[in-house]
Amino acid sequence: MTELAHPDRLAKVAAIRESGEDPYPARGVASTPVAEIIAGAGSADDPGPLLGEKVTVAGRLLGLRDFGKLIFAPLLDRTGRIQTGLQKNRLGDWWPRRKWLDGGDLVAVTGELGHTQKGEVTVWASEVQLLAKAVAPPPEKWHGLTDKEARYRRRYVDLWASEGVRDVFVKRSRILACIRRYLDGEGYLEVETPTLHPIMGGATARPFTTHHNALDMDFYLRIAPELYLKRLIVGGLERVFEIARNFRNEGISVRHNPEFTMLELYEAQADYRRMMELTEGMLEMLCREVNGGTRTTFRGQEYELAAPYPRLAYADLFREHNGCDFDDQSAVRARAKELEIRDAGNYWKLMNDVFEATVEDHLSGPAFVIDYPVQICPLAKAKPDDPRLAERFELFIAGMELGNAFTELNDPAEQQRRFEDQVADKDPETPGEVDLDYVQALEFGMPPTGGLGIGIDRLVMVLTNQDSIRDVLLFPAMRPHRADGEHGAPDGAEA
RNA sequence: GGGCGCGUAGCUCAGUCGGUAGAGCAACUGGCUUUUAACCAGUAGGUCGUAGGUUCAAUCCCUACCGCGCUCACCA
């Protein structure tokens with residue numbers, strides 16, 4: 001037991017056992033979802049089909065309002081909240097056992113469905129069954145959990161004690177279901193590719209490393225599924241997607257979690273223009289699904305997600321905000337100095353840093369930034385009519401990068417050259433060796449292909465108006481609260 | 001990793017310009033059969049994040065550490 005287990009409640013557990021009842025019975029009870037009961041109750045003036053019927057609800061008691069011979073107790077299940085009324089004259093022999101109940105307990109209540117004098121739908125209990133005793137007290141009923149640390153560490157409490165929290169995660173689930181439905185409708189196959197990668201690739205990021213004992217070799221946790229998914233395009237699956245957990249060993253912030261979810265999809269015979277249309281179509285549909293319309297509010301600002309979104313050329317944006325062309329090296333270097341951006345030696349990285357510093361925050365969006373300099377797109381095909389640029393776009397909403405897509409490079413020799421350039425960089429965020437197996441896959445021929453990645457967590461943030469990525473992750477990354485592990489408590493019980 | 005801020009009862013928060021702490025809710029006892037942040041009376045509950053330092057005396061001042069939040073950097 002941890003220090004959260006309350007002595008009074010533990011004493012009740014003992015008393016329940018002594019009476020021969022089980023405070024933690026093995027079986028639940030058949031019950032009707034609360035939302036169904038509320039809907040079936042109607043009002044006092046306009047009775048529904050369930051009014052006056054005997055019903056059973058099961059869920060968590062959120063509190064007890066004790067009037068002596070009458071107790072009102074709101075009960076919460078996954079579908080909603082309903083009031084139960086416990087009366088002495090309806091409960092007979094059971095009545096003395098009401099003293100064993102506390103707020104937070106899990107119970108099943110059976111009784112006649114009716115209304116109170118004030119008109120609130122109420123289950124008038126004729127039978128109460130304890131399903132599981134809560135020995136830790138719930139948080140304060142009015143404020144709920146407001147301390148963010150406590151909320152993230154004890155999400156299992158936050159989900160029922162804090163208003164609106166469960167709703168965000170229900171929406172997240174619906175968004176994922178909706179994506180799957182949409183892509184299924186487009187003829188896509190959902191696939192799963194390795195999380196343990198022998199060679200990092202598909203993005204630039206610092207990886208986590210781990211070790212396989214039997215093989216006695218190190219693996220990287222994937223930073224992107226990209227190269228495996230494109231192997232499947234070579235394999236002829238033609239339309240594939242993966243909702244992939246990626247891992248990047250970088251900072252944690254309001255927009256970054258070390259593990260995060262990306263939708264990546266690849267479509268043969270498509271290019272980045274098709275990917276833009278797919279992105280717009282999907283976002284508009286997702287917004288309708290969770291917000292009932294094409295607008296969403298995020299960080300106090302409203303965004304219109306109906307397609308189409310403006311296409312803004314990288315080169316134009318760069319010139320607008322910096323007064324020089326992106327490939328005017330001396331001018332860009334001067335501009336970087338002005339902005340106090342440190343020069344690590346790689347011109348194109350520096351140039352893109354300047355772009356990010358001067359342009360991205362101003363992109364309210366939704367908008368596609370298109371046609372990136374080819375040097376910062378090692379996996380994208382160059383534009384046929386301008387080899388300085390790659391057929392790539394990034395999707396921005398609220399200054400936040402939500403998506404990244406390109407017409408995929410399928411020339412094996414060109415791909416190998418670009419990999420070799422990356423390796424030569426010796427940057428910890430780029431691969432240490434060329435993925436020759438991937439090059440070999442391309443040697444067998446990959447059709448012209450469009451690929452797209454969308455950051456699901458950030459998308460959920462925008463669609464559910466949550467400021468922090470932690471608020472759309474059930475269990476955001478946290479330091480363990482008590483590394484010295486005193487006794488019992490696994491987390492910040494005393495915080 | 002840098003900067004700023006926070007950590008007091010199970011929860012939400014006061015407070016002490018240095019003299020070892022309070023409220024509301026939750027819990028417990030009693031009263032109340034239509035409340036809904038129910039109400040009334042009473043009881044209990046705290047190594048004031050941890051460890052040092054200064055001091056006659058530290059929850060308060062100082063230092064370090066731990067944890068969290070915001071922010072900057074890196075990235076998605």
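These numbers were taken from a predicted model, which means no experiment stands behind them. Below, chains carry the letters A, B, ... as their sequence lines are ordered, and counting in each starts from 1.
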With RNA chain B as reference, determine whether A:T122 or A:A203 sits nearer its 5' end, using the nearest nucleotide of each.
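Result: A:T122.
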Which comes earlier along RNA chain B counting from the 5' end, the contact point of A:K148 or that of A:G251, where each point is its nearest nucleotide?
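The answer here is A:K148.
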Once you round it to whole Å, what is the distance between [atom2] of [N] and [atom1] of [X]?
X      : N      : atom1 : atom2 : value
A:R65  : B:rG31 : CZ    : C1'   : 18 Å
A:H143 : B:rA14 : NE2   : P     : 11 Å
A:L10  : B:rA26 : CG    : P     : 20 Å
A:R9   : B:rC11 : CZ    : P     : 13 Å
A:R90  : B:rU33 : CZ    : P     : 15 Å
A:Q83  : B:rA38 : CD    : P     : 10 Å
A:D66  : B:rU34 : CG    : P     : 12 Å
A:W142 : B:rC11 : CH2   : P     : 20 Å

So what does [X] hit on the nucleic acid, given a heavy-atom distance under 4.0 Å: a base, only sugar-phosphate, or nothing?
X      : result
A:Q87  : base
A:R255 : base
A:W124 : base
A:N249 : nothing

Could you point out which residue of A:R153, A:R151, A:K148 forms a side chain to side chain donor-acceptor pair (under 3.5 Å) with A:D158?
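The passing option is A:R151.
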Plane angle bin for A:Y438 and A:F419 - parallel if under 30°, tilted between 30 and 60°, otherwise perpendicular
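Plane angle between 30° and 60°, so tilted.
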Aromatic plane relationship, A:Y303 with A:F298 - under 30° parallel, 30 to 60° tilted, over 60° perpendicular:
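Judged by the thresholds at 30° and 60°, the geometry between A:F298 and A:Y303 is tilted.
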Is A:F72 stacked against the base of B:rU35, taking the criterion as centroid distance under 5.5 angstrom and interplanar angle under 30°?
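Yes; centroid distance and tilt both under limits.
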Ignoring hydrogens and angles, does a donor from either the side chain of A:D147 or the base of B:rU12 sit under 3.5 Å from an acceptor on the other?
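When only heavy-atom distances are counted, A:D147 does not reach the base of B:rU12 through any donor-acceptor pair under 3.5 Å.
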Could you tell me the Watson-Crick or G-U partner of B:rC4, where both distances fall under 3.5 Å? Say none if there is no partner.
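Its partner is B:rG69 (Watson-Crick or G-U wobble, both distances under 3.5 Å).
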Is there a Watson-Crick or G-U wobble partner for B:rA51 with both distances under 3.5 Å, and if so, which one is it?
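Check on B:rA51: paired to B:rU63, both distances under 3.5 Å.
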Side chain to side chain donor-acceptor pair (under 3.5 Å) assessment of A:R65 paired with A:Q83:
CA-CA 11 Å; A:R65 288 190 291 278; A:Q83 176 164 275; 3.0 Å; yes
Cation-pi, A:Y372 ring and A:R392 (6.0 angstrom, 45 degrees):
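A:R392 over A:Y372 ring: yes.
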